[in-house]
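Reading through the C-alpha cells given below for one structure.
The shown structure was predicted, so the numbers you read here are calculated from the model rather than taken from an experiment. In what follows, residues are counted from 1 in the order of the sequence shown. Atoms within each ligand, like the ligands themselves, are counted from 1 in listed order.
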Amino acid sequence: TTVVVNGTASHAIPSTLYGQMFEDINGGDGGLYAELLQNRAFQQVTPGDATALYAWAAVNGGNITVIADSDPVSSALPNSLQLTIPSGASGSVGFGNEGYYGINVNSSWTYNASFYYRFPEASDFSGDATVALQSASGEVYASAQIPISGSQTTWTQVYAQLTPSTSPSSTANNFTVTFNSSAAGNTINFAMFSLFPPTFKNRANGMRIDVAEARYIALLTLQILLMRPSFFRLPGGNNLEGQSAATRWIWNNTVGALVDRPGRVGDWGYINTDGLGLLEYLYWCEDMEMEPFMAVWAGYSLDGTSLPEDELAPYIQAAIDQINFVIGDPSDSSAAALRASLGREEPFSLTYVEVGNEDFFASESYIYRWRDFAGNLTAAFPQLKFIATAYPFNPILDPTPQQYDNHVYQTPDWFAENSFYYDDFERNGTYYFQGEYAVTSTNASDLYGTTADGRLMYPTIQGSIGEAAYMTGFERNADIVFAASYAPLLMNVADGAYQWTPNLVEFDAANAYKSTSFYVQQLFSLNRGTEYLPSTLPDPSGTVFWSVTSDSSTLAIKLVNYANTTEDVTFQLPFAVSSSATVTVLTGDPTASNTPTNPNLVTPTTTAVTIAQAFNYTAPAYSLSVLNIELS
Ligand SMILES: O=S(=O)(O)O[C@H]1C[C@H](O)[C@@H](O)[C@@H]1CO
C-alpha cells in the first residue's frame, strides 16, 4: 500500500470531535458518582417490602424496617429506616450497608459520614451511635461516636469523619451504625445516609476520584497518551426517557439539597439517586474541560408512548427552564436564579442541546415533537445548536435540523467495512454527531444477545481495531462529523451491577480498568490534530485504513490494519520532516480483552522510528499505529 499525503489541509478537525457519552447505566450511582452507600435514602421503594432494605442488613439483632414516616425528613424522601433495639439487647446492635458491591477502605482517605435521625417517641436515652467501617467478619477499620439524644423528636442531621487504620485488600466491607446496650428498648428513625470518600477536585457531592482519576489520570498524568474528552453527553441515552413520561429524567428533581431529591426509577433496572444531578454534571464538565452536550426530554418514553402535540407545552417550558438553569440570567429567569442560589451565579458553557434520544423509534410523533421543541427552543435560545435524534432526513423535519445524532452498534467486520459511511453524505450544511457507537457482538444476526451468542463482555482487540477503522472515517469527514463518542462509558463489573456490555472503562469498588477500546479512544483523541491532510484514499472494502492530521508542529498518521497479517505501507509525505518520530502501537490477539483479572493484557507501546519524507512502515496484524512526526 502506498499513501501519498497532500500538504494542503482539506478541512479543520473540530475541537469537539472526541468526547464521552454518559448516562446512569452500569454505574453512575456507585461509579462516577462518589456516594458509597447504596439505597442511602430509601428512594422509590415500597415501605415494609423486603426489597426496600436492599443493601442494608441488621447487625446483632437490630430490628430494622423501612417505614413511610408520619413526619418524613422531606417531601422528596417519605421513607425512613426505623431501628428498634430490643430490650435486653447486648453488644453492638444496629444495622449496616454493603455499599455498591463493596466499599473500598483506604487508610489514606478521610470519609465523611452523615445521616438524619429523630425519635418518633421522646425517650430519656442519651448516648452515642457508633459509625464504623468494618469487614464482613467484623474487623473494625475506623469508627467514630455521634451523640444521639432521645429528646430529639424532630429531624436533625449529624456528621462524623472516618479515617481507617489500614487499607484491607478486600472491598467486602460494611458501613455500620450501632448502639450499645444502654440504648436497649429504644426506637429511632433514620433518613438520608451518606458516606463519601475524597472527591475529584474535592467537590462536595462530587465524583469518585479513582474512576474520575482513570480519566483524570487520562487527562493529567499520562497527557501524552491519554484521552482529553472535549464533550460529555448527558444525562442519556435511554436514561433520559423514562419507562413512562412520569419516570422521565426531570432536571429540577436532580438539583438542590440531596434531602430534596426524590430519585427515580431509572431506565436500566435500578433506582437512580439523582445525587449526580444537573449541577454536578455541569461542574464535572467544567472541571474536566468538556462541553456538556445536554439532552432535554422530548415527549417520548421507552414504553413507546409519545405525548400528543397539545400536551407538550409544560415539557417545552421545562426544557426552557433546564437550559436557563445552565445559561440563563438570574435576574430574568427563575431557573437561573435557582442556579445562583445554589452558589453558581455565572452561567455555564453550553452550545449543543439534544432533543430527545433515539427518536427514530417514534419518527412520526417526532415530526411535531421536534417542530415544537426545536421551534420554541431555537426562538428562546438562538445561539444554541439543537441536535435531532431521528434518522437523518427521515422523516423530513421542520425546522430543518442542523445536527443529527447517529447511533450504531455492530460487529467488528461491520465497522471495518463501513469506514466510508460518511463519505457519501451530502454536504448541505448538516452536521453529524456519532453519539453512540461500539462493537457489541461478533454475531451480525444477534447484536445484543448473550455472550454465548457472540456478545462481547469486554471490548476485544478485533472489535477495537474495527472501531479504529471506522474512526478514520470521522476524521476524513470531519467537515460534517463534529463529534463522536463510544458508548457506554462505564461498567461496574460486580455480578448484578451491570446492564450492558461491553463498555469503555470497567471498574469495581477499588479499581478502574482500561479496555482495549479505551486505548483506541485515547489514541485518536490525543492525536486528533487541528486539520485534516487528504491522502490516497483507502480501499473501502479493504483491511487497511488511515487518517493524516496535523497541528502546528506535528503530523499524526493513524494507521489501522484490520487483517490478521502484517501490512507494509509506504508513506510519501508532502514536506521534509525530522528523522525522529515515535510510533504508538496497540495490537494483540484479536480475541484479547483487558479484564479485571488481567487488566493490562493489551496496552499501547511507544517506540522511536526513523523516517524520511518517503518511508516504509509495517503495520502488525490487528493493530492501530499512531505515528507522531515532528515537522522540521
Ligand atoms: O437498547 S438500546 O436502544 O440499544 O440502548 C442503547 C441506545 C441508548 O441511547 C443507550 O442508552 C443504550 C446503550 O448505550
Side-chain angles (χ1 to χ4, degrees), residues 19-29 31-32 229 231-244 247-249 264-270 272 276 281 293-306 352-363 366 369 387-392 403-411 414-415 432-441 443-451 453-459 463-464 467 470 483-492 497-506 515 517-518 521:
Q20 299 290 338
M21 182 273 182
F22 181 81
E23 64 176 327
D24 208 321
I25 175 175
N26 307 323
D29 279 338
L32 191 57
F231 66 83
F232 195 77
R233 179 172 168 233
L234 63 99
N238 283 356
N239 209 44
L240 165 77
E241 300 181 61
Q243 294 303 328
S244 67
T247 60
R248 71 192 184 282
W249 184 84
R264 64 180 273 260
V265 177
D267 292 299
W268 291 104
Y270 57 91
N272 298 173
L276 172 49
Y281 277 129
F293 280 18
M294 180 176 76
V296 294
W297 190 74
Y300 172 73
S301 41
L302 293 175
D303 58 3
T305 54
S306 298
Y352 291 100
V353 171
E354 184 150 1
V355 179
N357 175 62
E358 296 204 333
D359 285 281
F360 48 75
F361 286 117
S363 291
Y366 201 61
R369 292 186 292 112
I387 303 171
T389 72
Y391 293 128
Q403 290 79 217
Y404 278 97
D405 175 9
N406 289 332
H407 295 176
V408 61
Y409 296 100
Q410 262 291 353
T411 62
W414 186 92
F415 277 95
Y432 297 92
F433 170 34
Q434 184 72 57
E436 296 176 27
Y437 65 100
V439 167
T440 49
S441 173
N443 181 345
S445 58
D446 188 1
L447 292 167
Y448 305 102
T450 64
T451 47
D453 293 336
R455 182 74 174 262
L456 298 187
M457 176 71 177
Y458 301 105
S464 305
E467 289 155 7
Y470 192 73
S485 40
Y486 179 102
L489 176 60
L490 293 175
M491 168 188 185
N492 186 330
Y498 57 87
Q499 295 76 35
W500 179 287
T501 68
N503 299 275
L504 205 57
V505 176
E506 286 77 24
S515 71
S517 287
F518 183 82
Q521 293 294 319

**Item:** Selected option - heavy-atom contact closest to atom 12 (C) of ligand 1, from F360, Y448, W268
**Value:**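 Heavy atom nearest to atom 12 (C) of ligand 1 belongs to W268.
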**Message:** As a check for students: among Y409, Y437, W500, identify the option with a heavy atom nearest to atom 14 (O) of ligand 1.
**Reply:**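 Heavy atom nearest to atom 14 (O) of ligand 1 belongs to Y409.
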For [atom], the protein heavy atom that lies nearest, with its residue and separation:
atom: atom 9 (O) of ligand 1; answer: E436 OE2, 2.7 Å
atom: atom 11 (O) of ligand 1; answer: E23 OE2, 2.5 Å
atom: atom 5 (O) of ligand 1; answer: N238 ND2, 3.3 Å

Salt bridge present between [X] and [Y] (N-O < 4.0 angstrom):
X: R248; Y: E241; answer: no
X: D446; Y: R455; answer: no
X: R233; Y: E436; answer: yes

**Item:** Proximity to ligand 1 by part of D267, non-hydrogen separation under 4.0 Å
**Value:**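 Neither part.
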**Prompt:** How does F22 reach ligand 1, by side chain, by backbone, by both or by neither, if only non-hydrogen atoms under 4.0 Å count?
**Reply:**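 No part of F22 comes within reach of ligand 1.
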**Message:** Are Y470 and W414, when compared by the centres of their aromatic rings, separated by less than 6.0 Å?
**Reply:**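 Yes, the ring of Y470 comes within the 6.0 Å limit of the ring of W414, centre to centre.
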**Prompt:** Between F231 and F433, is the ring centre distance below 6.0 Å?
**Reply:**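 Aromatic pair counts; centres sit under 6.0 Å.
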**Request:** Would you check the N or O atoms of N239, main chain and side chain alike, for any that come under 3.5 Å of an N or O of ligand 1?
**Result:**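 So ligand 1 has no N or O lying under 3.5 Å from an N or O of N239.
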**Item:** Check: R233 N/O within less than 3.5 Å of ligand 1 N/O
**Value:**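 No, there is no polar N/O contact under 3.5 Å.
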**Message:** Looking only at the side chains, is there a donor atom on one of D303 and S301 sitting less than 3.5 Å from an acceptor on the other?
**Reply:**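 Yes, because at least one side-chain N or O of D303 sits under 3.5 Å from a partner of the opposite role on S301.
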**Message:** Is it the case that the side chains of N238 and E23 hold a donor-acceptor pair, with the cut-off being a distance below 3.5 Å and no angle test?
**Reply:**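 There is no such pair between these side chains.
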**Asked** Which atoms of ligand 1 are found less than 4.0 Å from any heavy atom of E358?
**Response**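 By the 4.0 Å cutoff, the relevant atoms are 3 (O), 7 (C), 8 (C), 9 (O).
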**Atoms in ligand 1 flagged as close to G237, the criterion being non-hydrogen separation under 4.0 Å** =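 Per the distance check, 9 (O), 11 (O).
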**Message:** Can you tell me if P488 contacts ligand 1 (heavy atom of the residue under 4.0 Å from the ligand)?
**Reply:**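 It does; at least one heavy atom falls under 4.0 Å.
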**Request:** Begin from the C-alpha positions of Q434 and N406 and carry the test side-chain hydrogen bond (donor to acceptor under 3.5 Å, both in side chains) through to its verdict.
**Result:** CA-CA 5 Å; Q434 184 72 57; N406 289 332; 4.9 Å; no
